[in-house]
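The structure presented is a predicted model; accordingly, all values stated were derived computationally and were not measured. Throughout, protein chains are lettered first and strands after them, A, B, ... in sequence-line order, and every chain is numbered starting at 1.
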There are 2 protein chains.
Amino acid sequence: MATDGRLARMLHVLVHMGLLGGKETSERIALMLSTNPVVVRRTLGALRDHGIVASEGGRGGGWKLIKSLDQVTVLDVQRALTKGPILHVPISRDHPSCPVEWASNRVLEQAHAAAESYLVRSYAATTLAQIAKDATVKASVTT
Amino acid sequence: MATDGRLARMLHVLVHMGLLGGKETSERIALMLSTNPVVVRRTLGALRDHGIVASEGGRGGGWKLIKSLDQVTVLDVQRALTKGPILHVPISRDHPSCPVEWASNRVLEQAHAAAESYLVRSYAATTLAQIAKDATVKASVTT
DNA sequence: AATAGTGTAACCGAAACGGTTACGCTGAGC
DNA sequence: GCTCAGCGTAACCGTTTCGGTTACACTATT
């Protein structure tokens, strides 16, 4: 299924990490996201497995970005969080041999495949650096 | 949220009803969908409230299409089943005043809005009659 | 009156996500 | 070498959503 709150939360925290530039503990990140450290470790763990962040154990440990903001796209984060399609295609599989079911499914599959491909292209075209830039612009305007 | 199995199932059953042309009981429809009559009434009830089918109680009652297949689009069925957007946009609302969260959300919102609008256009452009035609072509090829 | 239908409420079960607790492992600093 | 701050992970719970099921009221035809 689509990443539910995780993609947005990870974008948020990765951009912060990129802007701050240093190392952050799960504890501090949990505060940023209004959640708790275990959830942070679970989610960042997936990003570590995809080479986006690194973790260090022991005293003084924590998490850091191991790519620069312009080397990470939204799609990279999405792919790290969940395998498979972003959109969940709502198909029925009650009567695989029924041509009416087949035709109904095909319409839905094709529409969703096109929407999915659009989303993937959007995600791939957006880097964390662009989000960071938007955020600093927004912040300066607001201030 | 997106209609989970209901949209596909309703397309399936509406096309069958259109092709058969008569009245169907919840019981028979439940058999078509491998489910049970209560689920059928729940779901078809939403379509009735949107003027797509009509129901009659009492002996000899049942459900019938009150529009022809070419007057009903996939979007009509979707709208009858669930209000609001088809796609669920996965944004975070932990820190509404944080510009980084705002910028992350904005990227996701824009990408999903475009994908949603694509889906809506696809759904609106497809009538049940087209599904019926695809199904009969498929059936004749297979046969 | 009997019967074949819809209409609806109430409850259960499965799946997914997030929150929480608990405990093990690791490494820096004293 | 001990302590303690940190990650790693398993286990469990609560919530939500959808589908399945039972139960019962209502209605219209025969």
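One atom, CZ of A/Arg42, and another, P of C/dT21, lie 13 Å apart when rounded to the nearest Å. With rounding to whole Å, B/Ile91 atom CD1 is found 18 Å from C/dC17 atom P. Atom P of nucleotide D/dG8 and atom CD of A/Glu56 are separated by 11 Å, given to the nearest angstrom. Between the P atom of C/dG5 and the CZ atom of B/Arg28 lies a distance of 10 Å, rounded to the nearest Å. The NZ-C1' distance, from B/Lys23 to C/dT6, rounds to 12 Å in whole Å. Rounded to an integer number of Å, the gap from CG of A/Leu44 to C1' of D/dG8 is 13 Å. Protein atom CD of B/Glu24 is 11 Å distant from nucleotide atom P of C/dG5, rounded to whole Å. Look at CH2 on B/Trp63: it is 4 Å from P on C/dG7, rounded to the nearest Å.
Proximity of a side-chain donor or acceptor of B/Glu24 to a complementary backbone N or O of B/Ile29 within less than 3.5 Å is not detected. Checked by atom type and distance alone, the side chain of B/Asn105 pairs as donor or acceptor with a backbone atom of B/Ser92 at under 3.5 Å. Put simply, the side chain of B/His50 never gets that close to the backbone of B/Val77: no donor and acceptor are under 3.5 Å apart.
B/Val74 and B/Leu33 fall within a single hydrophobic cluster, where Ile, Leu, Val, Met, Phe, Trp and Tyr are joined by side-chain heavy atoms under 4.5 Å apart, directly or via other members.
Within 4.0 Å of A/Gly62, counting heavy atoms only, lie sugar-phosphate atoms of the nucleic acid but no base atom.
Considering only the side chain of B/Arg59, C/dA4 comes nearest among C/dT6, C/dA4, D/dG20.
For A/Arg6 and C/dG18, the shortest distance from a side-chain N or O to OP1 or OP2 is below 4.0 Å. B/Thr25 has no side-chain polar atom (N or O) that falls below the 4.0 Å cut-off from OP1 or OP2 of C/dG5. Checking the phosphate oxygens (OP1, OP2) of D/dC7, no side-chain nitrogen or oxygen of A/Arg48 falls inside 4.0 Å. Of the side-chain N and O atoms in B/Asn36, none sit less than 4.0 angstrom from OP1 or OP2 of D/dG20. Between A/Arg41 and D/dC7, a side-chain N or O to OP1/OP2 separation shorter than 4.0 Å is present. Considering only side-chain N and O atoms, A/Thr35 lies under 4.0 angstrom from the phosphate OP1 or OP2 of C/dG19.
Classified by interplanar angle (parallel below 30°, tilted 30° to 60°, perpendicular above 60°), the ring pair B/Tyr123/A/His112 is tilted.
Below the 3.5 angstrom threshold, one finds no donor paired with an acceptor across the side chain of A/Arg9 and the base of C/dG18.
Residues A/Val38 and A/Gly57 both approach DNA chain C. Their nearest nucleotides, taken by heavy-atom distance, put A/Val38 toward the 5′ side. Nearest-nucleotide positions on DNA chain C place B/Ser55 closer to the 5' end than the other of B/Ser55 and A/Ser34.
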